[in-house]
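Here the structure is laid out as structure tokens; the discussion comes afterwards.
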There are 2 protein chains.
Amino acid sequence: MKELILSQVYQHPLISADDLRRIIDAHHPRSFKKGEVIYKRDKVLNEYLVLESGLIRSYTHNYNGDEITTDFFGQYEVVIEVLSLFQRTPLQEDLQALTDGCGWTIPYDIFQELFHTIPGFSEWGRLWMTNKLFQFKQKSIDIITQSAKERYLDILTNKPQIIRHAPLKQIASFLGITDTSLSRIRKDIG
Amino acid sequence: MKELILSQVYQHPLISADDLRRIIDAHHPRSFKKGEVIYKRDKVLNEYLVLESGLIRSYTHNYNGDEITTDFFGQYEVVIEVLSLFQRTPLQEDLQALTDGCGWTIPYDIFQELFHTIPGFSEWGRLWMTNKLFQFKQKSIDIITQSAKERYLDILTNKPQIIRHAPLKQIASFLGITDTSLSRIRKDIG
DNA sequence: GGTCGCTCTTGCCTTATGGCAAGTAATTGG
DNA sequence: CCAATTACTTGCCATAAGGCAAGAGCGACC
């Protein structure tokens, strides 16, 4: 399973079979239970996690203490908060499991070494960052151009596992609306 | 001026004086006039631009053809669309000058070479991406947690040069509201 | 098996922002 | 310097989403 998942995730034309072997070997297993906070706010992140199974969300709090879910992570996704890992600053969010699950972690210092010795790996990393950057840029455009209902339908078709496992309140805050409004949207859709 | 600007932008503990020299030498001058579209949609970006003076915005269009301003760039900022540059795909936005100005460009292939031969440079690049990623993530949080007025006041204090040079309509679409609403917000502030 | 707590729904009313249209002010180009 | 275009403002009304509170459903735990 380890090889299967990780060779999928680290697929890149410039990463050779040998490189991939080194990368895969650097990963350690990690499993978690529903509700567990995998990485805690205010600590500096020292690894990241590639998800094999389960669902994870990241969340922060607004000025009056309400939780805001900022992201969801599913199978094959990289669970990370780049600001903390790469700038060595405390996490600004909690990362919490929504279901039981497991995955593979890689420590920061090993990652660094591979990043600087395997050209294909730094390319891969940059590409990953590029996609993540685009994703958030797109999200901020979607929030201002689409209605809450349209954004909900988007998730419903593209990320159905989120709808299945995350409570309404978390989905609502991710969409940028209240749980009340999301409930009405669901009613409206039927 | 070239040294001053670029050594400021590429400041990083792992970039030596020699490295910095190589990086600076790779940059070419570029100036532009108000209103000029510096990088055009549908073309693949082959360089990026470090701004010495002037103001630039990026914009795209929503489904019914209205312009949406997605970002503003000022002095010392890197004018780029990462998705196009690093994935070699066509630009999805236009990059347009709001004022006369000038800066320094570096071609993609030279950038690539430096990125893979100067460890401090790839660190710098990753750090830059990290910050940009955070910025967009923060923007999407701000849109859902703050009122339009608060977001406007934010720009007013943190990026006053935008308010001074960009027309109301562009600022409004950047904030995610209509020009009508922004006009009322301005009236309200007094 | 009952009580507690959490999740979700719903009704009533409020508020922020939008849509349209008319009108004024400012800029641009010949 | 004038005409044309674009930028901005304002009034009137519409709409999406929020605030609050009551209540229903459901699971968790002793």
Side-chain angles (χ1 to χ4, degrees), chain A residues 33-37 55 57 59 61-69 72 96-100 139-156 162-190, chain B residues 33-37 55 57 59 61-69 72 94 96-100 140-156 162-190:
Chain A
K33 292 280 169 202
K34 178 175 176 172
E36 186 178 335
V37 175
L55 193 63
R57 70 165 180 136
Y59 64 95
H61 296 266
N62 70 6
Y63 52 90
N64 59 63
D66 305 323
E67 267 184 19
I68 307 197
T69 295
F72 290 103
Q96 184 196 35
L98 293 179
T99 65
D100 292 358
K139 186 180 172 186
S140 57
I141 294 175
D142 288 348
I143 292 177
I144 67 182
T145 58
Q146 298 185 288
S147 68
K149 187 172 170 182
E150 288 172 311
R151 275 174 283 144
Y152 178 72
L153 290 171
D154 249 30
I155 295 189
L156 196 57
I162 292 176
I163 307 294
R164 262 185 276 113
H165 294 294
L168 178 140
K169 194 167 58 174
Q170 292 172 14
I171 301 169
S173 76
F174 180 70
L175 289 172
I177 57 177
T178 57
D179 51 351
T180 309
S181 293
L182 181 51
S183 178
R184 285 193 248 265
I185 286 171
R186 280 187 171 171
K187 182 186 178 186
D188 188 45
I189 292 169
Chain B
K33 291 281 170 202
K34 179 174 177 173
E36 186 179 335
V37 175
L55 192 64
R57 71 165 181 138
Y59 65 94
H61 296 266
N62 70 4
Y63 52 90
N64 58 62
D66 305 323
E67 268 185 19
I68 307 196
T69 296
F72 290 103
D94 283 325
Q96 183 194 37
L98 294 179
T99 64
D100 292 359
S140 59
I141 294 175
D142 288 347
I143 292 176
I144 68 184
T145 58
Q146 299 186 286
S147 67
K149 187 173 169 181
E150 289 172 311
R151 276 175 282 142
Y152 178 72
L153 290 172
D154 251 29
I155 295 189
L156 197 57
I162 293 175
I163 308 294
R164 260 184 275 114
H165 293 294
L168 178 139
K169 193 168 55 174
Q170 293 173 11
I171 300 169
S173 78
F174 180 71
L175 289 172
I177 56 176
T178 57
D179 52 350
T180 310
S181 294
L182 182 52
S183 178
R184 286 194 248 264
I185 286 171
R186 281 186 171 173
K187 182 187 178 184
D188 188 44
I189 291 169

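First the proteins, then the strands, lettered A, B, ... as listed; each starts at 1.
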Gap separating the CG atom of B:D94 from the OG1 atom of B:T69, nearest 0.5 angstrom |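 Taking CG in B:D94 and OG1 in B:T69, the distance rounds to 11.0 Å.
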
Spacing of CG belonging to A:D179 relative to CD1 belonging to A:I171, to within rounding of 0.5 Å =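 Atom-to-atom, A:D179:CG and A:I171:CD1 are 11.0 Å apart.
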
Checking all strands, does B:G35 fall into the base, sugar-phosphate, or nothing category for heavy-atom contacts under 4.0 angstrom?
-> nothing

Which is true for B:K169 with a 4.0 Å heavy-atom rule: it touches a base, it touches only sugar-phosphate, or it touches nothing?
-> sugar-phosphate

Is there a side-chain contact between A:Q146 and A:D154 (heavy atoms, below 4.5 Å)?
-> yes

Return no unless some side-chain N or O of [X] is found under 4.0 Å from OP1 or OP2 of [N].
{"X": "B:K187", "N": "D:dG11", "answer": "yes"}
{"X": "A:S181", "N": "D:dG18", "answer": "yes"}
{"X": "B:T178", "N": "C:dG18", "answer": "yes"}

For atom [atom1] of [X] and atom [atom2] of [N], their distance in whole Å:
{"X": "A:Y152", "N": "D:dA17", "atom1": "OH", "atom2": "C1'", "result": "17 Å"}
{"X": "A:D179", "N": "D:dC20", "atom1": "CG", "atom2": "C1'", "result": "12 Å"}
{"X": "A:K149", "N": "D:dA17", "atom1": "NZ", "atom2": "P", "result": "10 Å"}
{"X": "A:L182", "N": "D:dG19", "atom1": "CG", "atom2": "P", "result": "15 Å"}
{"X": "A:Q146", "N": "C:dG18", "atom1": "CD", "atom2": "P", "result": "15 Å"}
{"X": "B:R184", "N": "C:dA16", "atom1": "CZ", "atom2": "P", "result": "13 Å"}
{"X": "B:I177", "N": "D:dA17", "atom1": "CD1", "atom2": "C1'", "result": "16 Å"}

When you look at B:I163 and B:R186, which way does the side chain to side chain contact (heavy atoms under 4.5 Å, CB included) test go after all the steps?
-> CA-CA 11 Å; B:I163 308 294; B:R186 281 186 171 173; 4.0 Å; yes

Nearest to the [X] side chain among [options], which nucleotide is it?
{"X": "A:S183", "options": "C:dT17, C:dC8, C:dG19", "result": "C:dC8"}
{"X": "A:P167", "options": "C:dG19, D:dA17, C:dC8", "result": "C:dC8"}
{"X": "B:K34", "options": "C:dG19, C:dT17, C:dT28", "result": "C:dT28"}
{"X": "A:T180", "options": "D:dA17, C:dG11, D:dT9", "result": "C:dG11"}

